[in-house]
Amino acid sequence: MTLFDPIPWVFYDVGSKRFWVHYGLVILGFLLSVITAIVQWKSPAPYGKHQSQENSWGFMIPQRLSHILSDGLPGIVLFLLVFFLFGSVRGYANYVFLAIFVGHYFHRGLIHPLIMRYRSAYVPLGIALGGMFPNCLYHFINADFISSATYSWNYYYDPRFILGLLLFIIGFVINRWADWKLRSLRSMDSYVEGSQEYLIPYGCLYELVSCPNYLGEFIQWIGWSIATWSLAGVVWCLFTAATFFPRSRHNHLWYKQQFELYPPDRKALIPWLF
Ligand SMILES: NC(=O)c1ccc[n+]([C@@H]2O[C@H](COP(=O)([O-])OP(=O)(O)OC[C@H]3O[C@@H](n4cnc5c(N)ncnc54)[C@H](OP(=O)(O)O)[C@@H]3O)[C@@H](O)[C@H]2O)c1
């Protein structure tokens, strides 16, 4: 392989059983992201700002547990199992991808659910399952890819690797900062689960968009798909777009209805555009 190869890795033999399993699941992932975009555009998943008294999503479970089940389990446990038990390749690029993916989910699936100050202590079980099942599918495909693709030895100075990692890190910082900002809107002294209000967040990227936390994570997965240069990464990125675009739109409309003085120039997700 030479630098700037259109395909900088070697993966399963074309036509082999594992090839078909992988790309069959990629097609499923693509279809699921289209369905998700349509469903979520119509009505947002009922948690956080959009949780209502009328609940048709099953019995209630603790919200912190729900996030650990939907994100921690697939993003850490499943991903590690697939990488080490199902995969076959152990190059430095594979380990870099493993580290950033699991690093993200170590925060999102374990630390974030334990430290955030939720308004509601409980969410419907359907929220946990509705996150867990798609995550299992996409995380399986991605773990399968990054543990079985052999990247060229000089991939570390390939622009796709460098740009992708850079975007992932920038997105990670934005996502963490934006979630931390939301957390700090509810002060430690007055925080009591179940009796929390919403405030307008201000400062930095919040002056431009209502949901910089989603924007940051979206940038991360764009970076991921560029760095891994894989269809697995692309369908996962599409699925997150299918969640972030509709949900940021619902959040944005919710803010505008809730607060008369909501900054009129702010967009939902993409500065100046959307
Ligand atoms: N990969 C994916 O497909 C995916 C999908 C969804 C989310 N995520 C990630 O998961 C993380 C959390 O997402 P989320 O949908 O739960 O985000 P969110 O609705 O913005 O809420 C995040 C936290 O901030 C609180 N909060 C939100 N707006 C607030 C306000 N105006 N005033 C005071 N507190 C406020 C929320 O409290 P309440 O719970 O009381 O509302 C919650 O504790 C983000 O990092 C996001 O990128 C990833």
Side-chain angles (χ1 to χ4, degrees), residues 21-61 63 66-67 69-71 73-75 78 104-105 108-109 120 123-142 144-145 171 175 178-179 209-226 228 230-258 262 266-274:
V21 169
H22 183 84
Y23 285 106
L25 291 176
V26 165
I27 292 168
L28 189 63
F30 174 75
L31 294 176
L32 185 60
S33 61
V34 175
I35 294 167
T36 301
I38 296 167
V39 172
Q40 300 261 341
W41 192 265
K42 285 188 178 164
S43 58
Y47 72 91
K49 299 179 181 75
H50 310 288
Q51 188 164 347
S52 72
Q53 297 301 325
E54 293 162 34
N55 165 29
S56 54
W57 285 58
F59 60 85
M60 305 299 274
I61 63 166
Q63 170 146 211
S66 166
H67 290 297
L69 290 176
S70 65
D71 291 79
L73 216 54
L78 176 84
H104 168 83
Y105 274 100
R108 171 67 188 111
S120 167
V123 289
L125 176 68
I127 290 296
L129 299 181
M132 191 167 85
F133 285 123
N135 282 348
C136 283
L137 169 68
Y138 294 104
H139 297 352
F140 175 85
I141 306 171
N142 278 279
D144 182 28
F145 187 85
N175 176 260
D179 273 340
V209 291
S210 294
C211 303
N213 52 348
Y214 297 163
L215 172 65
E217 191 171 339
F218 187 43
I219 292 172
Q220 279 182 258
W221 299 125
I222 292 173
W224 172 266
S225 53
I226 293 174
T228 59
S230 64
L231 283 178
V234 171
V235 287
W236 169 234
C237 190
L238 274 181
F239 178 77
T240 61
T243 307
F244 293 146
F245 277 85
R247 194 164 182 88
S248 64
R249 176 178 155 268
H250 288 297
N251 284 356
H252 187 64
L253 294 175
W254 179 93
Y255 273 121
K256 283 172 125 176
Q257 282 167 1
Q258 209 73 16
Y262 196 67
R266 221 177 263 194
K267 296 286 182 189
L269 183 69
I270 311 290
W272 307 290
L273 292 177
F274 176 85

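One-based numbering along the sequence shown. Fair warning: this is a prediction, and the values are worked out from it, not measured in the lab.
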Fill in: Which residues share a ring pair (Phe, Tyr, Trp, His ring centres under 6.0 Å) with F133, sequence neighbours left out
none
Worksheet entry | Contacts of type salt bridge (charged side-chain N to carboxylate O under 4.0 Å, His left out), residue R108, not counting sequence neighbours | D71
Worksheet entry | Set of residues satisfying side-chain contact (heavy atoms from CB on, under 4.5 Å) with respect to L25, sequence neighbours excluded | V21, L28, L137, F140, I141
Practice prompt. For Q63, check side-chain hydrogen bond (donor to acceptor under 3.5 Å, both in side chains) against everything at least two apart and list the hits.
Written response: H67
Fill in: side-chain contact (heavy atoms from CB on, under 4.5 Å) partners of V39, counting only residues at least two apart
I35
Response to the item:
The ring pair (Phe, Tyr, Trp, His ring centres under 6.0 Å) partners of H139 (sequence neighbours excluded) come to F101, Y105, W236
Fill in: Contacts of S70 that satisfy side-chain hydrogen bond (donor to acceptor under 3.5 Å, both in side chains) - sequence neighbours left out
none
Fill in: Set of side-chain contact (heavy atoms from CB on, under 4.5 Å) partners for A268, sequence neighbours left out
S248, H252, F274
Worksheet item: Quick one: ring pair (Phe, Tyr, Trp, His ring centres under 6.0 Å) partners of H104, sequence neighbours excluded?
Response: W221
Worksheet item: Sequence neighbours excluded, which residues qualify as ring pair (Phe, Tyr, Trp, His ring centres under 6.0 Å) partners of Y47?
Response: none
Worksheet item: Taking only residues two or more places apart in sequence or in another chain, which ones pass side-chain hydrogen bond (donor to acceptor under 3.5 Å, both in side chains) with D144?
Response: Y12, H22
Worksheet item: Can you list the residues that meet the side-chain hydrogen bond (donor to acceptor under 3.5 Å, both in side chains) rule with D179, with sequence neighbours excluded?
Response: H112, N213
